[in-house]
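The block underneath contains the structure these notes are about, expressed in structure tokens.
Reminder, nothing fancy here: chain letters follow the sequence lines and each chain counts from 1.
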There are 2 protein chains.
Amino acid sequence: MFSALANPVRRQLLDSLREGPRAVSDLAGQFSLSRPSISEHLQVLRGAGLVREEPRGRHRYYHLEPQPLAEVGQWLHPYEHFWRERLRSLRDVLDEEFS
Amino acid sequence: MFSALANPVRRQLLDSLREGPRAVSDLAGQFSLSRPSISEHLQVLRGAGLVREEPRGRHRYYHLEPQPLAEVGQWLHPYEHFWRERLRSLRDVLDEEFS
DNA sequence: GCAACGCGTCGGGAAAAGTTGACGCGTCGG
DNA sequence: CCGACGCGTCAACTTTTCCCGACGCGTTGC
């Protein structure tokens, strides 16, 4: 899951798919990468359950499938508490400094 | 940032550091990895700003520094909307199915 | 039909990541 | 002062990731 998101190209692919389903060549147009590379990135995303493919004629539309990202949110959750804590204490310091 | 979290060992290191600062050998004990490996993983985390080192005597305590994780939260945020949407519609289907 | 198109996949090469033993440096305890 | 300890770093190796050209297969349009 995390390793699927480790690559910036794959994250950008997901970002693009937020606006709706897209065909491979269409997606590949955004990058200075060969089409096979994009195809393989999409396979990785599919392996993580983050996209779904819908073959339509000779095109193949990829759909965003965001549920697995909830797992990332779960991992992140205990830390959210921590960094909010941090920001709060920072704010307190600043309050004291400039009050 | 994401690539720093891509490795399961590094995520587990962060998890351990949630409970408080720890020395390297102490951390290394949890894994079936050599100590140098752990050291280098910690360097990666330090490069991402996720840990801070506090040398104390011949030990070196690593502290969790969770702020940069907020960046992950930000990236995730637009998707949160999506997967909640998904769960809601799933719930609606189930409601209709079993009501 | 048949040429052009859209894709997946495979083979192979390059680059990056991960792992370890060996070494060196500072610190601690006796 | 000296041996043991904790740690970072380096050199070398293995594994994984990334990228592309080449190929094959089904689809589309003429």
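- Contacts between residues 9-18 of chain B and DNA chain C, counted as heavy-atom distances below 4.0 Å, involve B:Arg10.
- Under the 4.5 Å side-chain criterion, counting only non-hydrogen atoms from C-beta, A:His59 is in contact with A:Tyr61.
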With 3.5 Å as the limit, what N/O pairs link the protein to nucleotides 3-11 of chain C?
unit_1 : atom_1 : unit_2  : atom_2 : d
C:dC5  : O2     : A:Arg58 : NH1    : 3.4
C:dC7  : OP1    : A:Val24 : N      : 3.0
C:dC7  : OP2    : A:Ser25 : N      : 2.7
C:dC7  : OP2    : A:Ser25 : OG     : 2.0
C:dG8  : OP1    : A:Tyr62 : OH     : 2.6
C:dG8  : OP2    : A:Ser39 : OG     : 2.1
C:dG8  : N7     : A:Arg35 : NH1    : 3.1
C:dG8  : O6     : A:Arg35 : NH2    : 2.8
C:dC10 : N4     : A:Glu40 : OE2    : 3.2

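- In terms of position along DNA chain D, the nucleotide closest to A:Ser34 lies nearer the 5' end than the nucleotide closest to the other residue of the pair A:Arg56 and A:Ser34.
- Between B:Ile38 atom CD1 and D:dT9 atom C1' there is a gap of 16 Å when expressed in whole angstrom units.
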Result block: side-chain N/O donor-acceptor pairs under 3.5 angstrom for residues 1-14 of chain A, not counting sequence neighbours:
unit_1  : atom_1 : unit_2  : atom_2 : d
A:Asn7  : OD1    : A:Val9  : N      : 2.7
A:Asn7  : OD1    : A:Arg10 : N      : 3.4
A:Arg10 : NE     : A:Ala4  : O      : 2.7
A:Arg10 : NH1    : A:His41 : ND1    : 3.1
A:Arg10 : NH2    : A:Ser3  : O      : 3.1
A:Arg11 : NH1    : A:Leu5  : O      : 2.6
A:Arg11 : NH1    : A:Ala6  : O      : 3.2

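- Look at CG on B:Leu27: it is 14 Å from P on D:dG6, rounded to the nearest Å.
- Close to D:dC18, at under 4.0 Å from its OP1 or OP2, lies no side-chain N or O of A:Ser37.
- The shortest distance between side-chain heavy atoms of A:Val72 and B:Tyr79 does not fall below 4.5 Å.
- Residues A:Leu42 and A:Leu27 form a side-chain contact, since some pair of their non-hydrogen atoms from C-beta on lies under 4.5 Å apart.
- OP1 or OP2 of D:dC18 lies within a sub-4.0 Å distance of a side-chain N or O belonging to A:Asn7.
- Here OG of B:Ser16 is found 3.5 Å from CD of B:Gln30. Values are rounded to the nearest 0.5 Å.
- Between A:Arg46 and A:Glu53, at least one side-chain N (NZ, or NE/NH1/NH2) sits under 4.0 Å from a carboxylate O, which counts as a salt bridge.
- At least one side-chain heavy atom of B:Glu54 sits less than 4.5 Å from a side-chain heavy atom of B:His63.
- If you measure from atom NE2 of B:His41 to atom C1' of C:dT20, you get 12 Å, rounded to the nearest angstrom.
- The closest side-chain heavy-atom distance from B:Tyr62 to B:Arg60 is below 4.5 Å.
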With both pairing distances under 3.5 angstrom for Watson-Crick or G-U wobble, and | for a partner in another strand, the correct string for DNA chain C is |||||||||||||||||||||||||||.||

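- To the nearest 0.5 Å, the span separating CD on A:Glu71 from CG on A:Leu76 amounts to 12.0 Å.
- Rounding to whole angstrom units, CG of residue B:Leu45 and P of C:dG18 are separated by 10 Å.
- For residues 14-32 of chain B, the set of pairs meeting the salt bridge (charged side-chain N to carboxylate O under 4.0 Å, His left out) definition, not counting sequence neighbours, comprises B:Asp15-B:Arg18, B:Arg22-B:Asp26.
- When the side-chain hydrogen bond (donor to acceptor under 3.5 Å, both in side chains) test is applied to A:Glu40, no partner is found at least two apart in sequence or on another chain.
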